[in-house]
Amino acid sequence: MHVSIGKVVTVEYTLRIDEEDIVDTNVGVEPLIYQHGAQEILPGLEKGLEGMAIGESKRIIVSPAEGYGDVHPEGFFEIAKDRIAPDALRVGAKLQGEAPDGTPVYPRVAEIREETVVLDLNHPLAGKTLYFDVKVLDIQEGDDEGIGSARALSGT
């Protein structure tokens, strides 16, 4: 059996940026289980897993366009420095807030200026090429819940 549309796939992975720095891994812990073609994982990772068999391993390189996207300048904005908690006044600090419409937002501190702080709403991995070392642990037949849209996208 091979990874294909509708299959429930169990994967072990290690995610790196710059081919070296480990960002995330599930090796030795709970594996990733997803339904192939249901758009539950990054498009580039899903494409790279297509056709793999149980026990197969490989490196999948995902471009920003098929990962977390490019860094968008409109994702940066400035707020008054006094609106940030003193312990969060450091580049890289992760904040939690609310957009004007009530939607939760999770900006990062990108820059600290004299009287303002520049916040970044882009995903932390936006603009980065991602290197996934993956191993397919299991493939099962999926149920037909939620795969209709995946079939429509693939033309099957």
Side-chain angles (χ1 to χ4, degrees), residues 3 5-52 57-137 146-155:
V3 175
I5 298 293
K7 300 287 192 272
V8 175
V9 183
T10 303
V11 178
E12 180 177 82
Y13 69 88
T14 297
L15 168 59
R16 292 178 165 77
I17 54 173
D18 305 326
E19 291 194 63
E20 294 176 17
D21 300 324
I22 294 177
V23 173
D24 190 22
T25 186
N26 70 354
V27 175
V29 295
E30 195 71 28
L32 169 68
I33 301 172
Y34 77 99
Q35 188 161 13
H36 197 76
Q39 301 176 335
E40 296 175 352
I41 62 174
L42 297 172
L45 179 57
E46 192 165 60
K47 284 180 186 176
L49 287 162
E50 180 79 26
M52 289 182 69
S57 298
K58 76 175 180 180
R59 174 165 278 187
I60 299 170
I61 300 172
V62 178
S63 69
E66 292 192 307
Y68 291 99
D70 293 320
V71 174
H72 296 286
E74 63 273 12
F76 292 89
F77 64 99
E78 281 186 69
I79 65 170
K81 196 182 228 178
D82 62 7
R83 293 187 57 201
I84 303 292
D87 62 331
L89 284 174
R90 65 188 190 300
V91 172
K94 296 175 187 172
L95 308 175
Q96 181 176 349
E98 204 172 89
D101 67 358
T103 305
V105 293
Y106 304 95
R108 287 180 332 280
V109 174
E111 184 181 344
I112 299 172
R113 297 183 176 164
E114 193 170 318
E115 298 199 19
T116 61
V117 175
V118 177
L119 299 180
D120 180 4
L121 285 171
N122 288 286
H123 189 282
L125 297 176
K128 307 245 188 260
T129 297
L130 308 174
Y131 300 85
F132 284 93
D133 294 317
V134 298
K135 181 177 183 179
V136 176
L137 302 178
I147 63 170
S149 62
R151 285 191 177 132
L153 290 173
S154 69

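Counting from 1, the numbers follow the sequence of the chain as shown. No experiment lies behind these values; they were computed from the predicted model shown.
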Checklist entry - Does any N or O in the side chain of Lys58 come within less than 3.5 Å of the main-chain N or O of Gly48, such that one atom is a donor and the other an acceptor? => result yes

Checklist entry - Of the non-hydrogen atoms in Arg90 and Asp87, which two are nearest, and what is the gap between them? => result NH1-O, 3.0 Å

Checklist entry - Would you say Lys47 has more than 12 foreign heavy atoms packed within less than 6.0 Å of its NZ? => result no

Next on the checklist: Walk me through whether Arg16 and Ile22 qualify under side-chain contact (heavy atoms from CB on, under 4.5 Å).
Outcome noted: CA-CA 4 Å; Arg16 292 178 165 77; Ile22 294 177; 3.8 Å; yes

Next on the checklist: As an exercise, state the distance from NE2 of His36 to NZ of Lys7, rounded to the nearest 0.5 Å.
Outcome noted: 10.0 Å

Checklist entry - Is there side-chain contact between Val11 and Pro31, with heavy atoms separated by less than 4.5 Å? => result no

Next on the checklist: Within this structure, what is the CD1-CD1 distance for the pair Ile33 and Ile41, rounded to the nearest 0.5 Å?
Outcome noted: 12.5 Å

Checklist entry - Taking the side chain as C-beta and beyond, is there a heavy-atom pair between Phe132 and Leu42 under 4.5 Å? => result yes

For residues 104-114, run the donor-acceptor check on the side chains, cut-off 3.5 Å, and write out each pair with its distance to 0.1 Å, sequence neighbours left out.
from	atom 1	to	atom 2	distance (Å)
Arg108	NH1	Asn122	O	2.8
Arg108	NH2	Asp120	OD2	2.9
Glu111	OE1	Arg113	NH2	3.3
Glu111	OE2	Arg113	NE	3.0
Arg113	NH1	Glu78	OE1	3.4
Arg113	NH1	Glu78	OE2	2.7

Checklist entry - Quick one: are Tyr13 and Leu49 in side-chain contact, heavy atoms under 4.5 Å? => result no

Checklist entry - How far does CD of Glu50 sit from CD1 of Ile5, to the nearest 0.5 angstrom? => result 5.5 Å

Next on the checklist: Less than 4.0 angstrom from a charged side-chain N to a carboxylate O is my criterion; do Arg59 and Asp133 meet it?
Outcome noted: yes

Checklist entry - side-chain contact (heavy atoms from CB on, under 4.5 Å) between Ile17 and Leu130: does it pass, once the steps are laid out? => result CA-CA 5 Å; Ile17 54 173; Leu130 308 174; 3.9 Å; yes

Next on the checklist: Measuring from atom CD of Glu115 to atom CD1 of Ile79, what distance do you get when rounded to the nearest 0.5 angstrom?
Outcome noted: 13.5 Å

Item to check | For Lys128 against Pro64, the heavy-atom pair lying closest together | outcome: O-CG, 3.5 Å

Checklist outcome for this item: What one should report as the nearest heavy-atom pair of Ala88 and Ala93 is O-CB, 3.4 Å

Item to check | Val117 and Leu119, any side-chain heavy atoms less than 4.5 Å apart | outcome: yes

Checklist entry - Just how far is it from atom CG of Leu45 to atom CD of Glu40, taken to the nearest 0.5 Å? => result 12.0 Å

Checklist entry - Does CD in Glu74 sit with more than 12 non-hydrogen atoms of other residues, nucleotides or ligands closer than 6.0 Å? => result yes

Item to check | OH-OG1 distance between Tyr131 and Thr14, expressed to the nearest 0.5 angstrom | outcome: 15.5 Å

